[in-house]
Q: 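If you scroll down you'll find the structure; I have some questions about it.
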Amino acid sequence: MPESAVAQGWSPRRIPGVAYALVGLGMFFSIFARGFLSAPNLVNVGAQSAILLIVALPMTLIIMAEGLDLSAGAVLGLSGVTLSLALVQGAPLPVAFLLALAVGSTFGAINGLLVAVADIPPFVATLGTMGVAEGLAVALTDGRSVVGIGSTLPALYAGKFIGAPFAVWAAVLTYAVFHVLLYRTRFGAYVFALGGNREALVLAGLGANRYHILVYVLGGLLSGFGALLLTGRMSAGHPTAAIGMEFDAIAAVIVGGTRFERGNGWLPGTALGVITVGILKNGLNVMAVSSSLQVASIGVLVIAALLVDSIRERR
Amino acid sequence: MNAVVQTAPLLEMRGISKAFPGVRALDGVSMTVHAGEVHMLLGQNGAGKSTLIKALYGAVHPDEGEFLFNGKTERIHSAADARRLGVAVIFQEFSLVPYLSVAENIYLGREFPSRVPGLVDHRRMRAEARRLLDSLGMSELDAAAPLHGLGVAQQQMVEIAKALSQNARILVMDEPTAAISGHEIERLFERIRTLKSAGIGIVYISHRLREVFEIGDRITVLRDGRNVAALAPLETTVDALVRLMAGRDVNSAYRRQAAAGAGPVALETRALCAANGLRNATITVRAGEIVGLAGLVGSGRTEFARALFGADRIISGEARLNGEPLPAGPAGIVRRGVGFVPESRKSEGLALIRSVQDNLLVSGLRRRFPNRWYRFKTAAGAAATLIQRLRIATSTPRRRVQTLSGGNQQKVVIGKWLEAGSRFFIFDEPTRGIDVAAKTEIFGLIDELTAGGAAAILISSELGEIASVCDRAYVMRDKTIVGELRGDELTEENILKLAMHHA
């Protein structure tokens, strides 16, 4: 008996789409973007993708539960501001980090309650909390960067362990945790059920709300974690630095093969999707394409992924 | 004491009552299930079978009555309670998750813990599922396969395996043969016989009456939420059961006056097949006629209506409206004078938060304002005329449709099509959730429309309605027309005979 395709999170039928995009873009930029294929640049791609992966992993679970979290970037920004302000006040890094996680998971819990209990459409609920988080972050800082956070965090971020940057290790570890969580635990099975057949959870006597809320709490928590890396990378807290990150994250999840219907999600695809988006942005950067056009190209990538899907289905 | 316990049935439902707004779904229903028997639960759509089953697994909480398990009163608040008491249900709408494996679906909520705390032991779970599937003769099912790749029949088997894996003492099967056929049904029956000999009590719901005589031990018939008969298969016949289920519809106070003289052919379909599964449907509807489309849930009535209205694609066959081919797509069909009063008036028939006036005018804007400019005076005048003509009870035309009663909402939907100039109406369950007085009014309206030369198709689950309101009726089963009834043949009993599987 072969190992379960589902249990292993391994669905070969779906590899091609995102893998083709990844290999295709990689080859394109290797040829046309001078300096793309250099070691320092590739490390850069990894570090940039790390934060995105940390946001995209819980986003995968949220989308599988037929939801959406538009507040991810804004909450990451607010958590970063909280973290930096605490550091400026002289709090030790672990305490400041815990504060950032607390801010993130509070917003996640609010999102979860609004969606699961109050039955507000996820788009609207998280659009609202996005506004709140973004506004608070700007209000707390008067819209300026928070500088003077000391050297502990930037040093940690700049550190390398066994040849790879701290951020890459953080992302790899987070991926491992999520992979086990989704494919190896009861909670993971219930995430598949949330989007696939919520009624099945109720009929199994489990109830669905708590798992639904937990999925959003994870989203907030990981935004708090992402804030640690982003603040370390910039050596400062910036209230608007992460704005739009939810767009990249949702794009990576969709490109990776997860769909909004029936609990159809694939975590390895999200990792590949994140790298694809990372390569696309970096490659365009190297080719000196403006950042607005980078956003446009990610949009094209997402639409292409869904178009391929819809054409395949029609056959 | 001991003797009493031994003779007590596995389950006794006593005087279960449940009222929903406007309907008494269950009215003092009683039923017992003994160890090792298959108890057939029969009744028309809306007789109360589903509500009774829902009460048994905690999805509906009865207003009155009690459940006794082995002679002991128990309360069922949730699905977890039901499971604890040994009740398992094979749901008609599967309780399965598409992107989990067969094994994960079978053991959802009862996952096998691994030695590492917090993790699930998939290997053991799959092995256990394999053993279960083999013991049930479902060897062809791969325990590791993702569910979404399986066909409906295979998913049905997973649903059955899931229920049986719970070591239930009482097993409820809600139309378990709806999605399977031939030798799969034979194997299901074999399994049922094995379960019986293991002392499990089975409640079996089916619309295929011959199954009653194949595996049933006892029969309970419900009608309008009440017990009407409890008997054994040997004491009865298919015809007698149909009579019991049909009874007389107490709700249809309305009787169509005299069938208006039929005019020219308004709609004619020949061997119509559609992408939604409809096959080989041939009907004729003349001006001035009300033609019923009867059948059980899932028999293809809605598919037929959707195909006629252009909502689903027609694959083959012919459909002619007033002698000309039916245009493709709803927009063209509306322009040719067809109005569709949908089953779910709240989501498909009305814009709930808009006013009565807006709703009345929305489909007829093109006709009322040909030069594209909306004139308030004209609009208000048109709305007032319709409100008066249809006797819609509303304080003002500006009131939100949401705040009207069901009957008045339905009149607004009908008014909308009158305003659009419709001459051919398709009514899909027009009286669902509407009180008796309003029903009579709605039928009166349909009557008036056809007396004025319009034609109507009436789809209804309430067979009594079809029998009393229509001039003729076509009966559907398995997505096709299986018979036509007219005149004296048009009775509830005859409809039911055609609609049910028995041959």
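Hydrogens, waters and symmetry mates are skipped; everything else that's a heavy atom, side chains included, is used. Being a predicted model, the structure only gives us computed values, none of them experimental. Lettering follows sequence order; numbering is per chain, from 1.
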Q: Are there residues of residues 75-90 of chain B that reach to under 4.5 Å of chain A by heavy atoms, and which ones?
A: Ala79(B), Ala80(B), Arg83(B)
Q: Check ring-ring contact (aromatic ring centres under 6.0 Å, His included) between Phe67(B) and all other residues, then give those that pass, not counting sequence neighbours.
A: none
Q: Return the OH to CG distance between Tyr183(A) and Leu100(B), rounded to the nearest 0.5 Å.
A: 10.5 Å
Q: Against chain B, label Leu203(A) side chain, backbone, both or neither, depending on which of its atoms sit under 4.5 Å from a heavy atom there.
A: both
Q: What are the two closest non-hydrogen atoms of Tyr99(B) and Phe192(A), and how far apart are they?
A: O-CD2, 3.4 Å
Q: Atom CZ of Arg110(B) and atom CZ of Arg186(A): how far apart are they, to the nearest 0.5 Å?
A: 10.5 Å
Q: Show the nearest heavy-atom pair for residues Ser95(B) and Ala200(A), with the distance to one decimal.
A: O-CB, 3.4 Å
Q: Would you say CG of Leu307(A) has more than 12 non-hydrogen atoms from neighbouring residues, nucleotides or ligands within 6.0 angstrom?
A: yes
Q: Sort and list the pairs that fulfil side chain to side chain donor-acceptor pair (under 3.5 Å) and have at least one residue in residues 189-205 of chain A, not counting sequence neighbours.
A: Tyr190(A)-Glu111(B), Arg198(A)-Asn209(A), Arg198(A)-His212(A)
Q: Mind checking what makes side-chain hydrogen bond (donor to acceptor under 3.5 Å, both in side chains) contact with Arg354(B), not counting sequence neighbours?
A: Asp358(B)
